[in-house]
Protein chains: 2
Amino acid sequence: MEQKIHPQYEARANIIKAIGHPTRLFILEELHRQERCVNELTDMIGSDVSTVSKHLSVLKNAGLVHDEKRGASIYYKLCCPCVLDFIGCIETVLKTNVEKQMNIAQCCGITIAKPEH
Amino acid sequence: MEQKIHPQYEARANIIKAIGHPTRLFILEELHRQERCVNELTDMIGSDVSTVSKHLSVLKNAGLVHDEKRGASIYYKLCCPCVLDFIGCIETVLKTNVEKQMNIAQCCGITIAKPEH
DNA sequence: TGTATATTTGGCAATATAGCCAAATATACA
DNA sequence: TGTATATTTGGCTATATTGCCAAATATACA
């Protein structure tokens, strides 16, 4: 690893990396709405329960979620709801990217059909 | 990939993934302060110029930075300064994680020396 | 205790990412 | 045009990540 990059950047990057996965983003948003057990999340996501469990483990190791055993299930909840505050900014970036693509297409004389739904 | 996860999560995750790397976090913060050319960033980072160039390419593809050729150099600047707004939240997560570790250590009777500097 | 349910862990294969070197490309300027 | 400087690209290896299956573990409850 690069010598001049402070370890603090590594620590920050590890947390951001944990957030940067489609399934884990979904989980974080769902846990932002309400706490959920592994089973419930697995039903919503539609992949193997072991895969979901591992995603939750990544989020837990990053300190983003907290788990609590109740009955036969383990309920996960969000530790720092602020981690989702910047989704709005990410959406802005995405929107700007699409606009850029549209401009390029327009300059090339390409017409883009609007999606049906 | 999981069927039930909306493509929107994929798009968001791609941008967050681009942010989640120590060197790229450093670059984003530096470009937040002022625009920089590849050469300057390479000197600050201390790795091969091709590596830095590729990091910049990742950030550019994600729509996070913009480049502008001036003279012999290419200057990069931040597109959406908001992407760094959540660093404060990440720091909170990190701080909480350390505190949790400290508590565990204390419960085990482990004394932790404060760092010298 | 035995069985069903919930969750995690180990192991594996496929894929993605990172970083270096060498080479290609582009620009400035003598 | 030739040379120095700036940047990107191709190619390669090492490492990390992902997601599945099977098995292990934990809990509830008859």
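Here the structure is a predicted model, which is why all the values come from computation and not from measurement. Throughout, protein chains are lettered first and strands after them, A, B, ... in sequence-line order, and every chain is numbered starting at 1.
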Chemist: Kindly check if Cys89(B) and Cys82(A) bring their SG atoms closer than 2.5 angstrom.
Modeler: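 Between Cys89(B) and Cys82(A) there is a disulfide, given that their SG atoms are under 2.5 Å apart.
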Chemist: Quick check on Lys100(B): does its NZ atom have over 12 non-hydrogen neighbours (other residues, nucleotides or ligands) under 6.0 Å away?
Modeler: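 Buried by this count: over 12 neighbours within 6.0 Å.
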Chemist: Can you tell me if the side-chain N/O atoms of Thr51(B) get under 4.0 Å from OP1 or OP2 in dC20(C)?
Modeler: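 Yes, Thr51(B) has a side-chain N/O under 4.0 Å of OP1/OP2 on dC20(C).
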Chemist: Given atom CG of Leu59(B) and atom C1' of dT17(C), what is their separation to the nearest angstrom?
Modeler: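 For the pair Leu59(B) CG and dT17(C) C1', the rounded distance is 14 Å.
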Chemist: Taking atom NE2 of His66(B) and atom OG1 of Thr96(A), what is their separation to the nearest 0.5 Å?
Modeler: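 These two atoms lie 12.0 Å from each other.
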Chemist: Quick one: NZ on Lys60(B) to OG on Ser53(B), what's the gap to the nearest 0.5 Å?
Modeler: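 Lys60(B) atom NZ to Ser53(B) atom OG measures 9.0 Å (nearest 0.5 Å).
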Chemist: From CG of Asp67(B) over to P of dA6(D), roughly how many Å is that when rounded to an integer?
Modeler: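 Atom-to-atom, Asp67(B) to dA6(D), this comes out as 17 Å.
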Chemist: If you round to the nearest 0.5 Å, how far is CG of Leu28(A) from CG of Leu84(A)?
Modeler: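 Answer for the CG-CG pair, Leu84(A) versus Leu28(A), is 5.5 Å.
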Chemist: Using whole Å, report how far CD1 of Ile27(B) lies from P of dT7(D).
Modeler: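 Taking atom P of dT7(D) as the reference, CD1 of Ile27(B) is at 12 Å.
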Chemist: With heavy atoms under 4.0 Å as the rule, sort Val58(B) into base, sugar-phosphate or nothing.
Modeler: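 No contact.
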Chemist: Return no unless some side-chain N or O of His55(B) is found under 4.0 Å from OP1 or OP2 of dG19(C).
Modeler: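 Yes, within the criterion.
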Chemist: Could you state the interatomic distance from CG (Leu64(A)) to CG (Asn97(B)), rounded to the nearest 0.5 Å?
Modeler: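 Output value for this atom pair is 8.0 Å.
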Chemist: So if I take residues 33-44 of chain B and measure heavy-atom distances to DNA chain D, which residues fall below 4.0 Å?
Modeler: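 Listed by number, they are Cys37(B), Val38(B), Asn39(B).
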Chemist: If you look at every strand shown and take non-hydrogen atoms under 4.0 Å, does Tyr75(A) touch a base, only sugar-phosphate, or nothing?
Modeler: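 No contact.
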Chemist: From the list dG11(D), dT8(D), dG10(C), which nucleotide is the closest neighbour of the side chain of Lys54(B)?
Modeler: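 So the nucleotide nearest the side chain must be dG11(D).
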Chemist: Using the ring of each side chain (for Trp, its six-membered ring), is Tyr9(A) parallel, tilted or perpendicular to Phe26(B), with breaks at 30° and 60°?
Modeler: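 Judged by the thresholds at 30° and 60°, the geometry between Tyr9(A) and Phe26(B) is perpendicular.
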Chemist: Give the rounded distance in Å between these two atoms: CG of Asn61(A) and C1' of dT17(D).
Modeler: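 The distance from CG of Asn61(A) to C1' of dT17(D) comes to 14 Å, rounded to the nearest Å.
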Chemist: Base contacts versus sugar-phosphate-only contacts with protein, heavy atoms under 4.0 Å: please encode nucleotides 24-30 of chain C as B, S and - from 5' to 3'.
Modeler: --SSS--
Chemist: Examine Ile90(A) and Leu78(B) and state if one hydrophobic cluster contains both, with Ile, Leu, Val, Met, Phe, Trp and Tyr joined whenever side-chain heavy atoms are less than 4.5 Å apart.
Modeler: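 Yes; tracing contacts between hydrophobic side chains, which count when under 4.5 Å, links both residues.
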Chemist: Kindly compute the distance separating NZ (Lys54(B)) from CG (Asn61(B)), expressed to the nearest 0.5 Å.
Modeler: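 Nearest 0.5 Å value for the NZ-CG distance: 13.0 Å.
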Chemist: dT8(C), OP1 or OP2 - any side-chain N/O from Tyr76(A) closer than 4.0 Å?
Modeler: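 So the side chain of Tyr76(A) is within the cut-off, an N or O lying under 4.0 Å from OP1 or OP2 of dT8(C).
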Chemist: Treating a pair as Watson-Crick (purine N1 to pyrimidine N3 plus N6-O4 or O6-N4) or G-U wobble (N1-O2 and O6-N3) with both distances under 3.5 Å, list the stems of 3 or more consecutive pairs that involve DNA chain C.
Modeler: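 So far as stems of 3 or more pairs are concerned, DNA chain C shows C:1-30 with D:1-30.
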Chemist: Can you get from Tyr75(B) to Met44(B) by hopping between Ile, Leu, Val, Met, Phe, Trp and Tyr side chains that sit under 4.5 Å apart?
Modeler: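 No, it is not one cluster - the side chains of Tyr75(B) and Met44(B) are not joined through contacts under 4.5 Å.
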Chemist: Does Ser53(B) have a side-chain nitrogen or oxygen under 4.0 Å from the phosphate oxygens OP1 or OP2 of dT8(D)?
Modeler: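 The answer is yes; a side-chain N or O of Ser53(B) sits under 4.0 Å from OP1 or OP2.
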Chemist: Is there a donor-acceptor contact under 3.5 Å from the side chain of Arg36(B) to the main chain of Leu41(B)?
Modeler: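 Flag not set: sc Arg36(B) to bb Leu41(B) has no pair under 3.5 Å.
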Chemist: Are His21(A) and dG19(D) close enough that a side-chain N or O sits under 4.0 Å from OP1 or OP2?
Modeler: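 Affirmative; the distance criterion is met.
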Chemist: Which is true for Ser50(B) with a 4.0 Å heavy-atom rule: it touches a base, it touches only sugar-phosphate, or it touches nothing?
Modeler: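 Counting heavy atoms under 4.0 Å across all strands, the contact made by Ser50(B) includes a base.
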Chemist: Within this structure, what is the CG-to-P distance between Asn14(B) and dT18(D), rounded to whole angstrom?
Modeler: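 Taking atom P of dT18(D) as the reference, CG of Asn14(B) is at 12 Å.
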Chemist: Test Leu56(A) against Val38(A) for side-chain contact (heavy atoms from CB on, under 4.5 Å), laying out the working first.
Modeler: CA-CA 8 Å; Leu56(A) 285 165; Val38(A) 187; 3.9 Å; yes
Chemist: Expressed in angstrom and rounded to an integer, what is the separation of Asp48(A) atom CG from dG11(C) atom P?
Modeler: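 Interatomic distance, CG of Asp48(A) to P of dG11(C): 17 Å.
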